[in-house]
Amino acid sequence: MWIIFGLAAIGATLINLTVFMMEKDYKLTMAIALSLTALTLCAEYSLLNMWVEAKDWGAITDVVPGMSRALWFLTIAAIFMNILPIFLERKRTRMMESKK
């Protein structure tokens, strides 16, 4: 399930950036992308919980160290890429105001 949410989060992030470049309202797509990122983390945590309940320590020791780093990196990247339009919009607004 986490793969589905993760791919949907990446797609929503790309749509968010595309909508911003088309100079349309991007706030809904930003909220959707960040929500899908949160759902990805919850789904991954649920998977780990299932492994703990099943006492599958081999899976946990194999997957958790790498997934931990990957989830941190991808979550930070998703947050940055989704709030990037806010900063670019502010910069665009300031540039337009300075030209007046």
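Looking only at side-chain heavy atoms (C-beta outward), Y26 and I86 come within less than 4.5 Å of each other. V19 places none of its side-chain heavy atoms less than 4.5 Å from the side chain of D25.
A continuous path of Ile, Leu, Val, Met, Phe, Trp and Tyr side chains, each step under 4.5 Å between heavy atoms, connects I3 with M50, placing both in one hydrophobic cluster. Both L36 and L28 belong to a single network of hydrophobic side chains, linked directly or stepwise wherever heavy atoms of I, L, V, M, F, W or Y lie under 4.5 Å apart. Residue M67 is grouped with residue L48 when hydrophobic side chains (ILVMFWY) are merged at heavy-atom distances under 4.5 angstrom, including chains of intermediate members. Hydrophobic clustering, with ILVMFWY side chains joined whenever heavy atoms are under 4.5 angstrom apart, groups I15 together with L34. Following chains of ILVMFWY side-chain contacts shorter than 4.5 Å, one cannot reach I4 starting from V63, and the two form parts of different hydrophobic clusters.
Among T37, T29, T13, the single residue meeting the side chain to side chain donor-acceptor pair (under 3.5 Å) criterion with N82 is T13.
Applying the side-chain contact (heavy atoms from CB on, under 4.5 Å) criterion to I60, with sequence neighbours excluded, gives W51, V52, W57, V64.
Put simply, the side chain of T75 never gets that close to the backbone of W72: no donor and acceptor are under 3.5 Å apart. Within the 3.5 Å criterion, the main-chain N or O of P65 finds no donor-acceptor partner in the side chain of S68.
Rounding to the nearest 0.5 Å gives a distance of 8.5 Å between CG of D56 and OG1 of T61. For the atom pair CD (E89) and CD (E23), the distance works out to 9.5 Å, reported to the nearest 0.5 Å. Separation of atoms OH (Y45) and CG (N49) is listed at 6.5 Å; rounding is to 0.5 Å. In this structure, CZ in F20 is found 4.5 Å from CG in L88, a value given to the nearest 0.5 Å.
The minimum heavy-atom distance between E44 and L71, with the atom names listed, is CG-CD1, 3.4 Å. Scanning all heavy atoms of the two residues, the minimum distance from G6 to T40 falls at N-OG1, 3.1 Å.
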